[in-house]
Amino acid sequence: MRIPRTPGPCAPGILCYNISMKIGYPCINRGIGCTANHTFRLASYSEERLMSTVSENLACLKSILEYNLEKGLLFFRISSDIVPFASHPVCRFDWAGHFKKDFKNIGSFIKKHKMRISMHPDQFVLINSPREDVVERSIAELEYHRTVLETMELPRSAKIQIHVGGVYGDKPSAINRFAERYAKLSAPLRKRLVIENDDRLFSLKDCLEVHKMTGIPVLFDAFHHECLNNGEPLTKAVLSAAKTWKKGDGCLMMDYSSQEKGKRAGNHTRSIDTRKFRKFLKEAGSTEIDVMLEIKDKEKSALKALKIIKNG
DNA sequence: AGTTGTCAAGCTAGT
DNA sequence: ACTAGCTTGACAACT
């Protein structure tokens with residue numbers, strides 16, 4: 001079925017979607033022959049190794065963004081490995097100062113072409129952990145992500161997405177701890193941090209509660225919501241998450257994926273299921289959103305999604 | 001050159 | 001008490 005395009009807001013009851021929607025994919029481009037997430041073993045750390053790796057990563061990131069621009073993919077997630085070991089005590093190198101020009105150059109390109117950027121630190125970033133050392137390392141890692149986006153001089157609509165964290169046997173306390181720790185983060189970090197509903201522990205409803213306590217925007221993951229929800233239909237869920245994004249945050253960021261058939265629940269599909277994506281667009285697409293396709297074949301599926309949006 | 005075990009970081013659920 | 005899985009790539013040691 002063809003989805004008609006209408007510019008601007010959609011009239012109630014009319015099937016349409018927002019044409020300002022940006023489509024993207026995370027971290028890796030499988031076609032262009034370079035990657036922006038080279039790393040190395042901690043044991044082989046040296047300043048020289050770090051410098052050459054970061055230099056290579058930045059050059060590739062620029063190439064990926066140029067490819068994306070050419071194809072009309074205006075949303076991208078930058079890999080946390082862009083600067084390996086940046087928050088590890090072993091790294092005392094002023095990488096942000098040393099590569100300032102390169103970061104700034106990439107940032108200018110992003111801004112010039114109105115691209116949207118996110119970053120997604122790994123699962124061990126847990127600001128609600130009962131363990132002080134875990135919290136300390138998590139904050140250092142978050143500050144590293146903030147520094148990347150700041151060195152690129154990107155606006156606060158470039159976001160860092162994390163999950164609420166662990167439950168530790170007591171969800172209300174875990175949520176309270178998140179709120180307390182969030183309040184103590186540096187202001188420039190708080191400006192960029194958003195939480196994402198996960199597929200096992202913290203549902204959209206939980207995240208909205210955290211938002212109520214802290215004001216933190218909620219990034220909505222449609223696939224996680226399929227795995228864990230409180231009965232909210234998709235359209236309603238998207239709207240409730242969108243409301244948590246204030247002026248300056250930009251429009252709601254979403255993660256989208258679908259189930260790989262025959263694999264355990266929560267496993268991301270290899271390639272986009274265009275039928276499901278059309279259904280998703282019908283239900284969510286009239287809200288102002290940017291959509292990150294967490295699909296294993298990366299830009300290939302993102303291009304298919306873009307085609308559907310352009311041509312129905 | 002190709003293969004395979006392992007990698008900074010944590011939590012949860014299952015044995 | 002211990003470990004696989006999360007989700008995944010790619011480094012690096014070994015054939």
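Each chain gets a letter, A, B and so on, in the order the sequences are listed, and its residues count up from 1. Here the structure is a predicted model, which is why all the values come from computation and not from measurement.
Residue contacts for A:Y168: at a heavy-atom cut-off of 4.0 Å it reaches the sugar-phosphate backbone alone, with no base atom in range. In this structure, A:V125 reaches neither bases nor backbone, as no heavy-atom distance under 4.0 Å exists between it and the strands shown.
Side-chain N/O atoms of A:H120 and A:S80 include no donor and acceptor closer than 3.5 Å. Looking at A:S186 and A:E143, their side chains do bring a donor and an acceptor atom within 3.5 Å of each other. Using a 3.5 Å distance cut-off with no hydrogens or angles, the side chains of A:K205 and A:N197 do not pair a donor with an acceptor.
The interatomic distance linking A:L201 (CG) with C:dG5 (P) rounds to 18 Å, in whole Å. In this structure, A:R270 places its CZ atom 18 Å from C1' of C:dG9, rounding to the nearest Å. Distance, A:D122 CG to C:dG5 P: 18 Å, rounded to whole Å. For the pair A:K296 NZ and C:dT7 P, the interatomic distance rounds to 9 Å; values are reported in whole Å.
Taking 4.0 Å as the cutoff to heavy atoms of chain A, we find the contact window on DNA chain B bounded by B:dG5 to B:dT12.
With both ends at atom P, the span from C:dG9 to B:dT12 equals 26 Å, rounded to whole Å. Separation of the P atoms belonging to B:dG10 and C:dC11 is 23 Å when rounded to the nearest angstrom. Taking the C1' atoms as reference points, C:dT7 lies 16 Å from B:dT6, given to the whole Å. Comparing the same atom, P, in C:dA4 and in B:dG5 gives a spacing of 14 Å after rounding to whole Å.
The shortest distance between side-chain heavy atoms of A:K298 and A:N29 does not fall below 4.5 Å. Looking at A:N57 and A:C60, their side chains never come closer than 4.5 Å, going by heavy atoms from C-beta outward.
The cluster map of Ile, Leu, Val, Met, Phe, Trp and Tyr, joined by side-chain heavy atoms under 4.5 Å apart, puts A:L126 and A:I162 in different clusters.
The pair A:K101-A:E153 fails the salt-bridge criterion, with no side-chain N (NZ, NE, NH1 or NH2) lying under 4.0 Å from an Asp/Glu carboxylate O. With salt bridges taken as basic N to acidic carboxylate O contacts below 4.0 Å, one links A:R77 and A:D255. Salt bridge A:D198/A:R200: absent, no basic N to carboxylate O contact under 4.0 Å. A:E283 and A:K279 are joined by a salt bridge, as a carboxylate oxygen and a charged side-chain nitrogen come within less than 4.0 angstrom of each other.
Aromatic ring orientation, A:F277 versus A:Y256: perpendicular (interplanar angle above 60°, classes split at 30° and 60°).
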For nucleotides 10-15 of chain C, just jot down a letter per nucleotide in 5' to 3' order: B, S or -, based on protein non-hydrogen atoms under 4.0 Å. SBS---
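Both key distances under 3.5 Å define a Watson-Crick or G-U pair, and stretches of 3 or more such consecutive pairs in DNA chain C run B:1-7 with C:9-15, B:10-15 with C:1-6.
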